[in-house]
Amino acid sequence: MPETPLMDLLDFNRLLDDEERLIQDTVRAFVQKKVRPYIGDWYERGVSPHELASDLGGLGLLGMHLTGYGCAGTSAVAYGLSCLELEAGDSGLRSFVSVQGSLSMFSIWKYGSEQQKREWLPRLAAGEAIGCFGLTEPDFGSNPAGMRTRAVRDGGDWLIDGSKMWITNGSIADVATVWARTEDGIRGFLIPTGTPGFTARDVHHKLSLRASTTSELILDSVRLPADAILPEAKGLSAPLGCLDEARYGIVWGAVGAARDCLEETLAYAGTRVQFDRPIAGFQLTQAKFADCALELYKGFLLALHLGRLKDVGHVTSTQISVGKLNNVREAIDIARTCRTVLGGSGITLEYPVLRHASNLESVLTYEGTSEIHQLVIGQTLTGISAYR
Ligand SMILES: Cc1cc2nc3c(=O)[nH]c(=O)nc-3n(C[C@H](O)[C@H](O)[C@H](O)COP(=O)(O)OP(=O)(O)OC[C@H]3O[C@@H](n4cnc5c(N)ncnc54)[C@H](O)[C@@H]3O)c2cc1C
């Protein structure tokens, strides 16, 4: 599949190797066939794309940058390019893949015991099981350190009580990675969702990320065996390490949503006639397109730079914050600008633009709000933490 003309302008293909191009093209073709024809309807009905889990697993997209246990073991750049193409379809689809691979699977892969890895990773990689990741609580979002969910020893078992809020894939998950306070600080637990005392309740009436399941998890004296704890996850740095993984995918995904907005809008503007000429011929419209394209290209280069750093093991949390803050913020701007070019048509689901814009409002908030990423960058620049 050729590079899209929009991205072709800067000949980005030259920055990618053959395998990266092949993976990107494969994911783009998958989204074209299995997502684009249906996504407007899923979005309107609030249906999550988890029925595609086995297709996504078959393509090796679940936990694709992890190694062993049935995972594809691709480069970080290849994973990023996949996120870009998935989010060009819909942020809900990319969120599903991010939560499965970068939060659920990564937490097990990085911090789990050999037995936990063998039990869950191959099934999660194949899309035969679904995972979720519960860190946020109703009263603790930006400040997860305050969490109230508690795990206490009861004989040889653990007993967990508390609740988690805004959990992607919560009610469709087979296994939940749940973070809880213990007498040894914050620890992670793997909870099979059929365990008595575990309930998931979906959040309804969402105006954003509608093609994604978002749930509240209620943990009412959930009894777990001693080996349910993730042995290597000690302290808040463990879940924050998982968030870095998922944020990295967002850096790329936001570029995909923005690209889709701009491509669709360019096509529309070429055929929509006002004052006897295509609206693409007006200077004001072209100025909008030029400015959107600049931000898109810069966002792509930033994502690629972070990907190359990650592939050589040198990417830092602050660098990922730079990428998330910039690329999501600019993607929303691009989506909103494109919406103006579509005029009235831009407010319907016939075009993807307002759907992307609305999705990006969630993406701006989850995995660290823009304000929190500004504070992370500010702390690195000044040496002073403004928030803890
Ligand atoms: C659709 C969706 C899916 C999600 N999926 C998951 C998931 O799978 N797992 C999970 O654990 N969580 C998930 N989340 C939760 C998400 O990570 C939180 O919503 C996010 O961290 C913000 O927390 P909050 O909503 O409680 O907002 P708050 O923390 O209450 O923030 C409200 C506002 O205050 C600002 N603010 C807070 N502290 C400061 C400060 N010190 N200085 C300046 N401004 C500040 C914030 O930036 C924001 O603008 C999801 C959220 C959404 C919307």
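Please read these numbers as outputs of a predicted model, since none were measured by experiment. Note that ligands are numbered from 1 as they come in the structure, with each ligand's atoms numbered from 1 the same way.
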Is a side-chain donor-acceptor pair under 3.5 Å present for [Y] with [X]?
X: Asp244; Y: Ser317; value: yes
X: Ser95; Y: Tyr366; value: yes
X: Asp202; Y: Ser171; value: yes

Ring pair (Phe, Tyr, Trp, His ring centres under 6.0 Å) between Trp158 and Phe189, intermediate numbers included: CA-CA 9 Å; Trp158 287 99; Phe189 296 86; 5.1 Å; yes
Using a strict cut-off of less than 4.0 Å between a Lys/Arg side-chain nitrogen and an Asp/Glu carboxylate oxygen, indicate whether Asp90 and Arg355 qualify as a salt bridge.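 Salt bridge: yes.
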For the CG atom of Leu304 and the CH2 atom of Trp252, what is their distance to the nearest 0.5 Å?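 So the gap between those two atoms works out to 4.5 Å.
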Mind listing the N or O contacts between ligand 1 and protein, cut-off under 3.5 Å?
{"residue": "ligand 1", "atom": "5 (N)", "partner": "Trp166", "partner atom": "O", "Å": "2.7"}
{"residue": "ligand 1", "atom": "5 (N)", "partner": "Thr168", "partner atom": "OG1", "Å": "2.8"}
{"residue": "ligand 1", "atom": "8 (O)", "partner": "Thr168", "partner atom": "N", "Å": "3.0"}
{"residue": "ligand 1", "atom": "8 (O)", "partner": "Thr168", "partner atom": "OG1", "Å": "3.4"}
{"residue": "ligand 1", "atom": "9 (N)", "partner": "Phe133", "partner atom": "O", "Å": "2.9"}
{"residue": "ligand 1", "atom": "11 (O)", "partner": "Leu135", "partner atom": "N", "Å": "2.9"}
{"residue": "ligand 1", "atom": "11 (O)", "partner": "Thr136", "partner atom": "N", "Å": "2.9"}
{"residue": "ligand 1", "atom": "11 (O)", "partner": "Thr136", "partner atom": "OG1", "Å": "3.1"}
{"residue": "ligand 1", "atom": "12 (N)", "partner": "Thr136", "partner atom": "OG1", "Å": "2.7"}
{"residue": "ligand 1", "atom": "14 (N)", "partner": "Trp166", "partner atom": "O", "Å": "3.2"}
{"residue": "ligand 1", "atom": "29 (O)", "partner": "Ser142", "partner atom": "N", "Å": "2.9"}
{"residue": "ligand 1", "atom": "29 (O)", "partner": "Ser142", "partner atom": "OG", "Å": "2.6"}
{"residue": "ligand 1", "atom": "47 (O)", "partner": "Thr369", "partner atom": "OG1", "Å": "2.6"}
{"residue": "ligand 1", "atom": "47 (O)", "partner": "Glu371", "partner atom": "OE1", "Å": "2.8"}
{"residue": "ligand 1", "atom": "49 (O)", "partner": "Glu371", "partner atom": "OE1", "Å": "3.4"}

